[in-house]
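To find a chain, count down the sequence lines: A is the first, B the second, and so on, and within it residues start at 1. Note that the structure is predicted; figures quoted are calculated from it, not measured. We use all heavy atoms of the structure for the numbers below, so side chains are in, but hydrogens, waters and symmetry mates are not.
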Protein chains: 2
Amino acid sequence: MKQSTEFSTLQEQVTATIREAIFKQVFKPGERLIQDELASKLGVSRMPIREALRCLEREGLVEFLPHKGAQVIGITKEDIEELYYLRSLLEGVTVQKSMYFLTETERTQLEKIVEKMDMDIADRNVDSYVKHNQDFHILLQHGCSWKKVKMLTSQFTEGYPVYVPSMLPKTMTISNMEHKAMLKALDEKDPIKLRQIVEHHIIRTGNLLAQLFE
Amino acid sequence: MKQSTEFSTLQEQVTATIREAIFKQVFKPGERLIQDELASKLGVSRMPIREALRCLEREGLVEFLPHKGAQVIGITKEDIEELYYLRSLLEGVTVQKSMYFLTETERTQLEKIVEKMDMDIADRNVDSYVKHNQDFHILLQHGCSWKKVKMLTSQFTEGYPVYVPSMLPKTMTISNMEHKAMLKALDEKDPIKLRQIVEHHIIRTGNLLAQLFE
DNA sequence: AGGACAAAAATTGGATACAATTCAGAAAAA
DNA sequence: TTTTTCTGAATTGTATCCAATTTTTGTCCT
């Protein structure tokens, strides 16, 4: 496996590689991941493979069975519903706690991102929109000092294919309207309202994804 | 390291051992966990140690820094507050989803556990109470088909010292009264009410623990 | 045929030894 | 005193081996 400057340890590269393979259905749900196979296929030894599988287990992408090794988890419609419901709960409380500690700089930056997303919609640039959308959500949570909940949220967003081909132009418009509603709640210094909008925003996205899932 | 029938792999034993050592402050917050040291101390090789540390990382007890290894995470008062708030959210939604799928057998079993806890209170048997309390909470969640949220909840309860010397007799009495209120909500088939009671129950416990924490 | 059961192969869990890499601090040079 | 270099400790990764367990295969019996 070639060295890259992006990851500081081989294990991280291996993790990223296997994760992508799972997303791209190279490894199908239920399939067993044989350590020796992966090791020789990626040209590394079994040690980084095993650590990588442990990391993927934490992300919920694989499952370890004692003496049987790692298996790819299948994602069902119910999993999507659960995932987005949990994300709405977690991200909701995060932004509520974050609000009061957001600086004025961050406020104006959030507005800029929303404007950029409006441009992305006009340009039909889905990739750029998704990227800006992530930036927006992360920045909105920046004021929250709780670490565990932020870690969980980021795991949920990283650990699953956010970039499914679902972000249609119409969806993006509604989505960005909700982003603007969040900024309004921020102006009004109403953390409960902010939380509710965020919760609804995420659940709505989840339902959309779940619908698409069959 | 002696073999035990409780764990099917050595890695699980090692995980449990290190976890307990962290709880008992044998390894203090911020302390680096040197793999070779642990390996020779426990009489095992590095491989199960590293996997164990990955598991503990997932539980939030240690932190990995690239090329620096694992460090014990320090637990602050704010961490306790966060932990129990999140647990209340997660366990709340779990029991709400669980309720309708609980069998009559499980209902009566829950009642029995509550009775046992009443006896534990009378006997001043804290250890037995804590055990029964865990059983109660797990059983109450049994009907929920969502897996991830249950995994998270169990991680939160396992990953932190539930058995701190805080379960005083008076606390236990209040706690078990709330358990009875949960059964009542179950009788009334009111999932929202059940959820609220559970949420309040956990947050109250968390506040108690947080108070004790300095 | 078709199922139960035992042998064989594959795979994981784990041990050991060794090489490579990184990081931090001490020592040496400017 | 400041900068550079060296060095040692620790992590990270490789290669190889072994035991225990699971899965597969193949055979035997009804």
Side-chain angles (χ1 to χ4, degrees), chain A residues 1-22 26-59 61-74, chain B residues 1-22 26-73:
Chain A
M1 171 162 285
K2 62 172 184 291
Q3 278 293 332
S4 139
T5 52
E6 197 176 344
F7 303 105
S8 76
T9 69
L10 191 52
Q11 175 263 309
E12 291 177 56
Q13 292 177 51
V14 172
T15 307
T17 307
I18 300 178
R19 178 165 45 219
E20 210 179 323
I22 292 176
V26 178
F27 301 124
K28 303 204 170 51
E31 189 174 336
R32 276 181 69 186
L33 296 175
I34 285 117
Q35 301 174 359
D36 276 327
E37 253 181 48
L38 291 171
S40 58
K41 206 166 282 182
L42 300 179
V44 300
S45 72
R46 267 173 51 195
M47 179 114 54
I49 298 284
R50 285 168 68 163
E51 293 216 333
L53 291 176
R54 285 286 172 201
C55 290
L56 294 172
E57 184 194 21
R58 176 183 37 193
E59 292 178 14
L61 286 175
V62 306
E63 179 184 20
F64 262 86
L65 305 172
H67 300 286
K68 284 188 171 185
Q71 248 181 255
V72 179
I73 293 266
Chain B
M1 168 163 286
K2 62 171 184 289
Q3 277 294 333
S4 141
T5 51
E6 198 175 344
F7 303 105
S8 75
T9 67
L10 192 51
Q11 175 263 308
E12 291 176 58
Q13 290 178 51
V14 172
T15 307
T17 307
I18 301 178
R19 176 165 48 219
E20 210 179 323
I22 292 176
V26 179
F27 302 122
K28 302 202 172 52
E31 188 174 335
R32 277 180 70 182
L33 296 175
I34 286 113
Q35 301 177 357
D36 279 329
E37 253 181 48
L38 290 171
S40 59
K41 205 167 284 182
L42 300 179
V44 300
S45 74
R46 264 175 43 212
M47 183 125 25
I49 298 283
R50 288 172 65 162
E51 294 215 334
L53 291 176
R54 286 286 171 200
C55 289
L56 294 171
E57 183 194 20
R58 175 182 41 197
E59 292 177 14
L61 285 176
V62 306
E63 177 185 22
F64 266 83
L65 306 172
H67 299 287
K68 284 188 167 187
Q71 246 181 257
V72 179
I73 292 267

Rounded distance [0.5 Å steps], CZ in B/R58 versus OG1 in B/T15: 8.5 Å
Pair A/Q13-A/T17, side-chain donor/acceptor within less than 3.5 Å: no
Non-hydrogen atoms of A/H67 and B/S8 that approach each other most closely: NE2-O, 3.2 Å
Heavy-atom closest pair, residues B/R19 and B/L61: CG-CD1, 3.7 Å
Pairs involving residues 36-52 of chain B, ordered by first then second residue, that meet side chain to side chain donor-acceptor pair (under 3.5 Å) (sequence neighbours left out): A/R50-B/E51, A/E51-B/R50, A/R54-B/E51
Base-contact (B) and sugar-phosphate-only (S) positions in nucleotides 9-16 of chain C, heavy-atom cut-off under 4.0 Å, - elsewhere: --SBBBBB
